[in-house]
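Questions regarding the structure given below will be posed in turn.
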There are 2 protein chains.
Amino acid sequence: MEKKVETNLCPFTTTIGLIGGRWKSIILYLLSDHTRRFGEISARMPSISRKVLTEQLKELEADGLIRREQFKEIPPRVEYSLTPLGQSLKPILNDLAAWGQEMVLDK
Amino acid sequence: MEKKVETNLCPFTTTIGLIGGRWKSIILYLLSDHTRRFGEISARMPSISRKVLTEQLKELEADGLIRREQFKEIPPRVEYSLTPLGQSLKPILNDLAAWGQEMVLDK
DNA sequence: AGTAACTGTTACCTTTTGGTAACAATGAAA
DNA sequence: TTTCATTGTTACCAAAAGGTAACAGTTACT
C-alpha cells in the first residue's frame with residue numbers, strides 16, 4: 001500500500017516507476033490524442049480488469065501524468081486526459097510504439 | 001514458465017514484453033556502451049538478486065536483444081553485449097534516461 | 001588440504017500483482 | 001417499482017515475481 005515515490009538517483013528507476021508496468025504506457029498512449037472516459041479506456045483494453053485499470057489510473061494521476069475530471073451527473077461521467085507532464089512523454093511513447101511495430105512486421 | 005513470445009498486434013504489448021519490467025531497460029542501458037561481465041552488471045545493480053539477474057539476462061538473450069559469450073576459463077568468464085536489435089533501442093533508452101533525469105532534477 | 005574466484009542453479013518461502021464476483025449510488029426511463 | 005447506465009470499491013483468492021541460502025564445478029594460490 002505504501003508506494004513511496006522513489007527519490008532514486010537512477011533515472012531509469014524513476015522512469016520505470018512512473019510509466020512501467022504492463023498497462024501504463026498503453027493508457028498514456030490512448031490518452032495522448034484524446035480525452036477519454038473510463039468506459040472508453042476499458043473498452044479499448046479488454047484484457048485489463050476494471051479494478052486494475054482503476055488502480056493504474058489513480059497512480060498515474062497521483063504521479064501527475066494524467067488529470068481526472070469528474071462530472072456531477074447521473075450516471076457518472078469521468079474523463080481522463082494527459083497533463084503537461086504526461087504530454088512530455090508523447091515522443092517517447094511514439095518511439096516505443098514504432099519500435100514495437102517494426103518488431104511485429106519483421107516477424 | 002511458458003513465456004510465449006506474444007504475436008500480439010499491439011505494438012506496446014510487444015515492446016513492453018521485451019523490455020518491460022523493473023530491470024530490463026537498465027540492463028540494456030548498462031550494455032549500451034560496453035560489453036560487460038556478469039559480475040560487473042551485478043555490481044552496478046546491487047538491488048537485483050543474482051537469481052533474477054540471471055533470469056532477465058536469459059530472457060533478453062532469448063528475445064535476441066543481447067548476446068552471451070562464455071569463455072572456457074577457470075574461473076568462468078561470461079560477457080554480455082547488445083545485438084544489433086538491442087542497439088536499435090539505444091535512442092529510446094537514452095530518451096527514457098533523459099526524461100527520468102529531468103524528473104529527478106525538477107523535484 | 002583448504003580456500004578463493006566466478007557464474008550460475010535449486011529449493012523454498014514471501015511479496016506483489018491481478019482476477020472474479022458482489023455490492024454501492026442514483027436519477028431517468030419503461 | 002423495476003431496470004439500466006456508469007464508475008467505482010471491497011473481500012477474497014490465484015498467479016507471478018522476487019528474495020535468501022545452500023550447493024556446484026574447476027583451477028590456482030597459500
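Throughout, a chain's letter reflects where its sequence line sits, starting with A, and its residues are numbered from 1. Every heavy atom of this structure was used, including side-chain atoms; hydrogens, water molecules and symmetry mates were not.
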Nearest whole Å is fine: how far is D:dG8 C1' from A:Q56 CD?
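After rounding, the gap between these two atoms is 15 Å.
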Please list, in numerical order, the residues of residues 32-46 of chain B that have a heavy atom closer than 4.0 Å to any atom of DNA chain C.
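Listed by number, they are B:R37, B:F38, B:G39.
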Euclidean distance, atom CG of residue B:L53 to atom C1' of D:dT20 [Å, nearest integer]
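That distance rounds to 16 Å.
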Could you check A:D95, A:N94, A:L96 and say which one makes a side chain to side chain contact (heavy atoms under 4.5 Å, CB included) with A:I92?
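With A:I92 as partner, side chain to side chain contact (heavy atoms under 4.5 Å, CB included) holds for just one option, A:L96.
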What integer distance in Å separates B:Q70:CD from C:dG8:P?
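About 7 Å, once rounded to whole Å.
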Categorize A:F71 for me: base, sugar-phosphate, or nothing, with a 4.0 angstrom heavy-atom threshold over every strand shown.
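A:F71: no heavy atom of the nucleic acid under 4.0 Å.
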For A:K72, which contact category applies under a 4.0 Å heavy-atom criterion: base, sugar-phosphate, or nothing?
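The residue A:K72 makes no contact with any strand.
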Under 4.5 Å between side-chain heavy atoms, hopping through other hydrophobics if needed: is there a path connecting B:I19 to B:L85?
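Yes, B:I19 and B:L85 fall within the same hydrophobic cluster.
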Over how many whole Å does the gap from B:E55 atom CD to C:dA11 atom P extend?
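Whole-Å distance recorded here is 14 Å.
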Walk me through it: do B:R50 and B:F38 pass the test side chain to side chain contact (heavy atoms under 4.5 Å, CB included)?
CA-CA 9 Å; B:R50 279 181 312 162; B:F38 180 85; 4.0 Å; yes
Indicate whether OP1 or OP2 belonging to C:dG18 is found under 4.0 Å from a side-chain N or O atom of A:W23.
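Result: yes.
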Is A:R22 touching bases, backbone alone, or none of the nucleic acid, heavy atoms closer than 4.0 Å?
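Sugar-phosphate, backbone atoms only, no base.
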B:I16 CD1 to D:dA17 C1', straight-line distance once rounded to whole Å
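Rounded to the whole Å, the gap is 17 Å.
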Between the side chains of A:R77 and A:E69, is the shortest nitrogen-to-carboxylate-oxygen separation below 4.0 Å, so that they form an ion pair?
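Salt bridge flag = no for A:R77 with A:E69.
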A:T13 to B:I26 - nearest heavy-atom pair and separation:
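Shortest heavy-atom separation between A:T13 and B:I26 comes out as OG1-CD1, 3.9 Å.
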Please state whether the phosphate of C:dG8, meaning OP1 or OP2, lies under 4.0 angstrom from any side-chain nitrogen or oxygen of B:Y80.
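Answer is yes, contact under 4.0 Å.
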Length of the CD-P vector between B:E61 and C:dT7, whole Å:
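The distance from CD of B:E61 to P of C:dT7 comes to 15 Å, rounded to the nearest Å.
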Please find the pair of heavy atoms, one from B:F12 and one from A:S25, that lie closest to each other, and give the distance.
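Minimum heavy-atom separation between B:F12 and A:S25: CD2-OG, 3.6 Å.
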Expressed as a whole number of angstroms, how long is the span from A:K58:NZ to D:dT10:C1'?
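Spelled out: NZ on A:K58 to C1' on D:dT10 is 11 Å.
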Reading DNA chain C from 5' onward, which residue's closest nucleotide shows up sooner: A:S47 or A:I74?
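Looking at DNA chain C, the more 5' nearest nucleotide goes with A:S47.
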5'-most contact on DNA chain D: A:V78 or A:K51, nearest heavy atom basis?
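It is A:V78 whose nearest nucleotide is closer to the 5' end.
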Between B:E59 and B:K24, does any NZ, NE, NH1 or NH2 come within less than 4.0 Å of an OD or OE carboxylate oxygen?
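So B:K24 pairs with B:E59 through a salt bridge.
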Selected nucleotide, minimal atom distance to B:V52 side chain, candidates C:dT9, D:dG19, C:dA5:
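The answer is D:dG19, which lies nearest to the side chain.
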May I have the distance from B:I27 (atom CD1) to D:dG18 (atom P), rounded to whole angstrom?
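Distance check: B:I27 CD1 to D:dG18 P gives 10 Å.
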